[in-house]
Every structure is written in structure tokens, then in C-alpha cells.
Amino acid sequence: MQQEMHQDIAMDITTLATDLSETEQLHQASNLPHAPQETPLVVDAAQVPLSGGTDAAFGEVRWRTLINSCAETSRDMVLGIAEFEPHGRLLPHRHDPAEFYFGLEGSGTVTIDGTPHNIRPGVAIYVPANAEHDTQAGPEGLRFAYGFAESSFEQITYRFTAAEEAQA
């Protein structure tokens with residue numbers, strides 16, 4: 001009796017997994033960061049072009065924004081990957097929302113309100129709202145995921161310390 005019940009449960013789970021797999025195939029999201037809201041969003045980071053790296057005002061960091069709102073679709077968060085060449089920098093700055101970093105490759109130092117913190121694969125760092133922070137990649141470069149509990153990266157105003165001091 002108990003064995004039959006376990007077989008029935010296993011069969012139900014198998015059927016449910018098959019049904020979910022078929023549904024997922026019918027509603028598979030594109031690999032672009034602006035899929036329709038009613039579908040899951042699946043983003044292949046290798047397919048998202050790099051931005052940044054050209055403005056000396058913020059350093060040499062480049063990034064790929066993977067999850068973000070757009071005109072057609074609102075999201076509840078921003079997720080991206082920051083990439084630094086060896087010894088690359090993101091200069092000291094602040095922004096209103098808190099942020100997280102999660103180390104993926106390489107190593108470096110994230111300084112938050114004057115306190116240095118090592119970042120490497122598997123290390124998560126929480127940056128409080130409005131805390132001054134900067135990043136210095138190590139000799140092998142650095143890649144980390146970053147995120148904000150905001151709907152759009154474009155809404156986040158970066159206030160770079162050097163620019164604010166120059167205006168004062």
C-alpha cells in the first residue's frame with residue numbers, strides 16, 4: 001500500500017515536471033534584457049554588450065546590465081555584471097539606493113566609507129545607501145555581479161566624489 005502511494009506521488013511529480021517543462025517551452029523568454037513582463041526573463045550575459053569604460057570621470061569599469069526596466073516593461077530590480085581589467089578602477093561615488101556586489105572572477109578591493117574590503121569569487125558585499133565606495137581591481141582583473149532594489153539603472157544617480165568636490 002505504502003509503495004503504491006509512493007509510486008503514485010512519483011508519477012504525479014513526473015507529470016507535473018513534464019507539464020512545467022512544456023509550458024516553459026511555450027513561454028520561453030528571449031535572451032534580451034527586455035522580455036515581456038508576463039514571461040520569465042532569461043538573459044545570457046555573453047549576449048549583452050559591454051557599456052562604459054570610456055569616461056575618465058568614473059574610472060575604467062565596464063558593465064553589462066542584465067535585468068532592467070525599459071519603456072515597455074517594468075522590473076523590480078536591476079542586475080548587472082561589472083568588469084575590470086587588471087588594476088582597473090571605479091572611482092569614489094555615492095548613490096541613494098543600497099547596492100550589493102557578488103564576486104565572480106579575479107579579486108580586488110572595495111572601499112566603503114574609508115574601510116577596505118577584499119572581493120573575490122563567492123564574496124558578497126552590501127553597500128549601504130549613500131555610502132561612499134570605490135573599487136580597485138587586482139592584477140588579474142575583477143568581475144562581480146551588482147544589483148539594486150530599483151526598477152531601472154538609468155534612475156540611479158551616481159555622485160562622484162571628485163566631481164562634487166570640484167563644484168564646491
Side-chain angles (χ1 to χ4, degrees), residues 24 27-165:
E24 184 178 72
H27 300 289
Q28 189 160 3
S30 74
N31 280 345
L32 299 177
H34 305 296
Q37 178 136 355
E38 62 275 359
T39 62
L41 176 63
V42 178
V43 180
D44 180 348
Q47 301 299 315
V48 177
L50 280 167
S51 298
T54 58
D55 188 342
F58 61 78
E60 301 83 26
V61 63
R62 297 177 300 159
W63 61 90
R64 301 172 197 272
T65 303
L66 307 177
I67 298 175
N68 196 33
S69 290
C70 64
E72 302 82 32
T73 305
S74 180
R75 303 267 181 241
D76 296 331
M77 62 185 277
V78 172
L79 175 67
I81 297 175
E83 300 187 15
F84 298 79
E85 296 292 327
H87 305 290
R89 302 166 300 146
L90 174 57
L91 298 177
H93 65 282
R94 301 172 187 270
H95 37 68
D96 291 336
E99 181 178 20
F100 76 82
Y101 293 169
F102 184 74
L104 300 172
E105 293 178 14
S107 66
T109 303
V110 177
T111 302
I112 304 170
D113 287 336
T115 303
H117 305 276
N118 292 327
I119 187 167
R120 63 184 184 285
V123 171
I125 296 178
Y126 173 78
V127 181
N130 288 306
E132 181 184 64
H133 57 290
D134 64 85
T135 303
Q136 176 74 52
E140 68 277 10
L142 175 64
R143 287 182 74 228
F144 61 77
Y146 63 87
F148 299 95
E150 294 289 332
S151 62
S152 172
F153 185 70
E154 291 76 17
Q155 289 177 234
I156 299 165
T157 302
Y158 280 67
R159 300 180 314 273
F160 285 89
T161 303
E164 287 184 337
E165 288 173 354

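Because the structure is a prediction, the values reported are computed rather than measured.
Atom CD1 of Ile119 and atom OG of Ser107 lie 9.5 Å apart (nearest 0.5 Å). Taking CG from Asp96 and OG1 from Thr157, the interatomic distance works out to 7.0 Å, rounded to the nearest 0.5 Å. Separation of atoms OG1 (Thr111) and NE2 (His117) is listed at 7.5 Å; rounding is to 0.5 Å.
Proximity of a side-chain donor or acceptor of Glu150 to a complementary backbone N or O of Val78 within less than 3.5 Å is not detected. Between the side chain of Ser74 and the backbone N or O of Ser69, no donor-acceptor pair lies under 3.5 Å. A donor-acceptor pair under 3.5 Å links the side-chain atoms of Asp113 to the main chain of Glu132, judged by distance alone. Judged purely by atom type and a 3.5 angstrom limit, Glu60 uses its side chain to pair as donor or acceptor with the backbone of Arg89.
Contact detail for Ala98 and Tyr126: the closest heavy-atom pair is CB-OH, 3.4 Å. Shown here for Pro121 and Gly106, the closest heavy-atom pair between the two residues is CD-O, 3.1 Å. The two atoms that bring Pro116 and Gly114 nearest to each other are CD-O, 3.6 Å, heavy atoms only.
Contact of the His133 side chain with the Thr135 side chain is not registered, since no non-hydrogen atoms from C-beta on lie closer than 4.5 Å. Residues Ile125 and Ile112 form a side-chain contact, since some pair of their non-hydrogen atoms from C-beta on lies under 4.5 Å apart. Looking at heavy atoms from C-beta onward, Glu83 lies in side-chain contact with Arg64 at the 4.5 angstrom threshold. Residues Ser152 and Asn68 are in side-chain contact: their nearest non-hydrogen atoms beyond the backbone lie under 4.5 Å apart. Counting heavy atoms from C-beta on, the side chains of Phe102 and Ile81 never come closer than 4.5 Å. Using a 4.5 Å heavy-atom threshold, the side chains of Asn118 and Val123 count as separate. The shortest distance between side-chain heavy atoms of Pro97 and His95 falls below 4.5 Å. Contact annotation: the side chain of Ser51 never approaches that of Arg62 to less than 4.5 Å [non-hydrogen atoms, C-beta and beyond].
Residue-environment remark: CZ (Arg159) exceeds the threshold of 12 foreign heavy atoms within 6.0 Å.
Aromatic ring centres of Trp63 and Tyr158: separated by at least 6.0 Å.
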* To do: Verify side chain to side chain contact (heavy atoms under 4.5 Å, CB included) between Glu99 and Tyr146, making sure each step is shown before the conclusion.
  => CA-CA 7 Å; Glu99 181 178 20; Tyr146 63 87; 3.7 Å; yes

* side chain to side chain contact (heavy atoms under 4.5 Å, CB included) evaluation trace for Leu79 with Phe100 -> CA-CA 10 Å; Leu79 175 67; Phe100 76 82; 4.0 Å; yes

* To do: Show the numbers, then the answer: is there a side chain to side chain contact (heavy atoms under 4.5 Å, CB included) between Phe58 and Leu91?
  => CA-CA 5 Å; Phe58 61 78; Leu91 298 177; 5.5 Å; no

